[in-house]
Amino acid sequence: MLMNIVSRVLANLGLSGFLGKLVAVLGIITSAIFLYTAYEGSFPTFTQRGLLLVLCIPMIFLLASLKKKEPFGRWRDLAMAVISPIPFVYIIFIQDELMMRGGIPNTLDTIMGILAVLVVIEATRTKVGLALPIFAGLLIIYGFFGPSMPGLIEHRGLDLPQTITALYLSEDGIFGIPVAVTAEFIIAFIIFGAFLQVTGAGDFFSNLATATIGGVRGGPAKAAVVGSALMGTISGSAIANVATVGTFTIPLMKKTGYKPEVAGGIEATGSSGGQLMPPVMGAAAFIMADFLKVPYTHVAIAAAFPAILYYLSLFFMVDMEAAKSGLKGMDRSEIPSLKKTMLQSGHLLLPILALIIFLGVIAYSPQRAAFLSIVALVLISLLRPHTRLNAERTFTALAQGAIGTLEVAVVCACAGIAIGIIMRTGLGFILTNVLIELSHGILPVLMVLTMVASAIMGMGLPTSACYIIVAVLIAPAMIKLGVVPMAAHLFAFYYATLSAITPPVALAAYAAAGIAKSAPMMTGIQASRFGITGFIVPFMFVYGPALLMEGSWIEILTACVSATFGVYAVSVAMMGWIFMRVPIWARVLCFAAALLLIKTGIYTDIAGYVILAAVVAVNYLTRKREQGGSAAQVEG
């Protein structure tokens, strides 16, 4: 019986053999430990953060070993899996002694510190590629050779003991805020998402979206938008959303007439927005809350309406694309029954509702809210046999939750190396002043520089790492120019997220292209086209913080209404459709209207409304006249 359960769990995880069993066991232990701390409270600082790396980094090397065929590569990864926990176990055992001697490193501390840095860099390279390790390595070199740097970025330089203290023996480096947030908050939410997945929530969300709007014009694409938004409430990974929802929606979009690259682009755009959608946003949102020193619920509330604007615009554009191409909805026989879908699996919405209540109403800490939501999910899953959490599903969820944390954990540890050097050398302060000088103190110029920097770094970095670096290096410059701190950090977060659909390296678009059987680059271009509002919305909330629920109710309501019409204007400008095809001059006017509606102010809003209304009226009357002419010809 036990062996059958083990075999099914390994099959669910796509693992096999002794190493596969070892990864599964480590994953289950990891999730169990951090669920315990989610409810009972965190261990001492270095214990809580060190345990995350002690358990996660060996799993990275074990999984890498499983994928390799050549003996040397396999044995090297196995050796790294054995060696990698040593420096993190060491720091856990000496943390009390370290406090007594004021954090001054001895010889063994130095050796372990060097080993820890090398292990983190190698684990990051193994898991996510070279970009972040190279960036961290260059910063370490910068730390050592500060006096030799050009005048603008010159500093006194760090010696080896100072570097080890910054990166290994303090809470500014490897064990800094990013790893702390992962160990205390993020892992609990990833485990919650894994439990929802094994109950069949992904299929339920897809079926719910399809049953609701699958039959309308462009139904499959709209179902992809709604399904991705729903998945975004439990998954902060764009690629995971594509794999879950896109497997179902992309073939349906192609079947109803969407070109493969368009179908893939729509799904990639919808899935990337999942990181922006509360209540469970991407991992970077939890890190943002810690940077800003505010509860996570404040970040979720601030991000809610911009995320709605993102999906509303995508919905508009999908509808216009369908209208332009003459596409219809799904055949009635292909649409699942809404009543049947809700009766079978509607109860899976309750754990998400419970999470919202625990976070926003009762105001539990994020980790306790996640733990109690998992408990609620376990109980709610018992209502239907097909969602019931048996031993197989429970162990699968525990292991999958830990495996889903690996990338975030190691990326945050490596980003901590970068932050440690930046903090000790004063590079962040230097770059803040440089950016302000480059932009001549003009906020729109600085915002464009931030957008470009995020897009470039996002090509090779995961969202969390990209956000952390931009938040540390660039967001302070925006705040210095008067931007609300929440808006500045969300600005960085948005462009870090949208790097998943920004060519030439657009990982979410490439994942969708694999399902759509389309050209990856063309899919990325289509994803950027459909996601254009995501590039504009950050400018909206920087100039109108009321979109982040800051200000009076009148200000918030006015800003939300004007922003909604603004994203509609952007959609018309991009897709060229209101009742019929929109001429180029009218599309230009619509884009101008959108820009006016972005800038808060009664006069700019009125001007934007007038321009948009004029274009809508002209196009409506033109269509009516053409229809009248066609009818007269038929009668004649």
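Hydrogens, waters and symmetry mates are skipped; everything else that's a heavy atom, side chains included, is used. Keep in mind that what you see is a predicted model, and the values were worked out from it rather than measured.
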Any chance CZ of Phe591 has more than 12 other-residue heavy atoms, nucleotides or ligands included, within less than 6.0 Å? no
For the residue pair Val572 and Cys590, what are the closest heavy atoms and their distance? CG1-SG, 3.6 Å
All heavy atoms of Gly534 vs all of Tyr310, minimum pair found to be CA-CD1, 3.6 Å
Do Ile578 and Arg623 touch side chain to side chain, with heavy atoms closer than 4.5 Å? no
When you compare the side chain of Thr533 with that of Tyr311, does any pair of heavy atoms fall below 4.5 Å? no
Evaluation steps, side-chain contact (heavy atoms from CB on, under 4.5 Å), between Asn433 and Lys480: CA-CA 9 Å; Asn433 292 329; Lys480 201 169 182 179; 3.0 Å; yes
Answer yes or no: are there more than 12 heavy-atom neighbours, outside Tyr620 itself, under 6.0 Å from its atom OH? no
Testing the basics here: between Leu547 and Ala559, what is the closest heavy-atom pair and its distance to 0.1 Å? CD2-O, 3.5 Å
Which pair of heavy atoms, one from Cys412 and one from Ile468, lies closest together, and at what distance? SG-CD1, 4.4 Å
Say whether, by atom type as modelled, one donor and one acceptor occur between the side chain of Glu555 and the main chain of Ser552 under 3.5 angstrom. yes
Given the rule in the side-chain contact (heavy atoms from CB on, under 4.5 Å) test, do Leu349 and Phe205 qualify, once you have shown the distances and angles that lead to the verdict? CA-CA 9 Å; Leu349 292 172; Phe205 288 152; 3.7 Å; yes
Full working for side-chain contact (heavy atoms from CB on, under 4.5 Å) between Leu132 and Ile469: CA-CA 10 Å; Leu132 185 55; Ile469 292 166; 4.2 Å; yes
Contact check, side chains of Val483 and Leu446, non-hydrogen atoms, under 4.5 Å: no
For the pair Thr210 (side chain) and Ile335 (backbone), establish whether a donor and an acceptor sit closer than 3.5 Å, ignoring hydrogens and angles. no
Could you state the interatomic distance from CD1 (Ile287) to CZ (Phe185), rounded to the nearest 0.5 Å? 11.0 Å
Donor-acceptor pair, side chain of Ser271 and main chain of Ala268, under 3.5 angstrom: no
Please table the atom pairs, donor to acceptor, closer than 3.5 Å between any side-chain atom in residues 290-298 and protein atoms at least two apart or in another chain.
residue	atom	partner	partner atom	Å
Tyr296	OH	Pro279	O	2.5
Tyr296	OH	Met281	N	3.1

If you look at every heavy atom in Thr523 and Ala513, which pair is closest and at what distance? OG1-CB, 3.6 Å
When rounded to the nearest 0.5 angstrom, what distance separates CG in Leu353 from CZ in Phe358? 9.5 Å
By the definition side-chain contact (heavy atoms from CB on, under 4.5 Å), identify the one residue from Leu621, Thr622, Val615 that meets it with Val618. Thr622
Go through the steps to decide whether Phe535 and Tyr494 satisfy the test ring pair (Phe, Tyr, Trp, His ring centres under 6.0 Å), and finish with yes or no. CA-CA 8 Å; Phe535 296 92; Tyr494 258 71; 9.7 Å; no
Under 3.5 Å, side chain of Ser345 to main-chain N/O of Thr341, donor-acceptor pair present? no
Min side-chain heavy-atom separation Ile525-Glu261 under 4.5 Å: no
Beyond-backbone contact of Leu359 with Pro366, side-chain heavy atoms, under 4.5 angstrom: yes
Could you measure the distance from the CE atom of Met486 to the CG atom of Leu548? Nearest 0.5 Å is fine. 7.5 Å
How are the rings of Tyr467 and Phe493 set relative to one another: parallel (under 30°), tilted (30 to 60°) or perpendicular (over 60°)? perpendicular
Working note: Leu596 + Asp605, criterion side-chain contact (heavy atoms from CB on, under 4.5 Å); need CA distance, chi angles, decisive distance, verdict. CA-CA 6 Å; Leu596 289 167; Asp605 283 355; over 6 Å; no
Is there a donor-acceptor pair under 3.5 Å between the side chain of Ser313 and the backbone N or O of Leu309? no
Between Phe530 and Val262, is any pair of side-chain heavy atoms under 4.5 Å apart? yes
I'd like to know if the side chain of Arg587 reaches the main chain of Met574, judged simply by a donor and an acceptor atom lying under 3.5 Å from each other, with no hydrogens or angles considered. yes
Quick check for you: to the nearest 0.5 Å, what is the distance between Ile602 atom CD1 and Ile606 atom CD1? 4.0 Å
Side chain of Ser528, backbone of Ile501: donor and acceptor closer than 3.5 Å? yes
Could you check whether the rings of Phe316 and Tyr568 sit parallel, tilted or perpendicular, using 30° and 60° as the cut-offs? perpendicular
How many angstroms lie between CG in Leu355 and CZ in Phe189, if you round to the nearest 0.5 Å? 5.5 Å
Are the side chain of Asn619 and the backbone N or O of Met580 linked by a donor-acceptor pair below 3.5 Å? yes
Do Leu490 and Met288 have side-chain heavy atoms sitting under 4.5 Å apart? yes
Distance, nearest 0.5 Å, that separates CD1 of Ile556 from CD of Glu550: 8.5 Å
Any side-chain heavy-atom pair from Tyr258 and Val318 closer than 4.5 angstrom? yes
Under 3.5 Å: donor-acceptor pair, side chain of Lys324, backbone of Arg581: no
So which atom in Ala500 and which in Ser272 form the shortest heavy-atom distance, rounded to 0.1 Å? CB-OG, 3.8 Å
Is the distance between the ring centroids of Phe491 and Phe541 less than 6.0 Å? no
Please collect all salt bridge (charged side-chain N to carboxylate O under 4.0 Å, His left out) contacts where either partner lies in residues 505-533, sequence neighbours excluded, each pair once. Glu321-Arg529
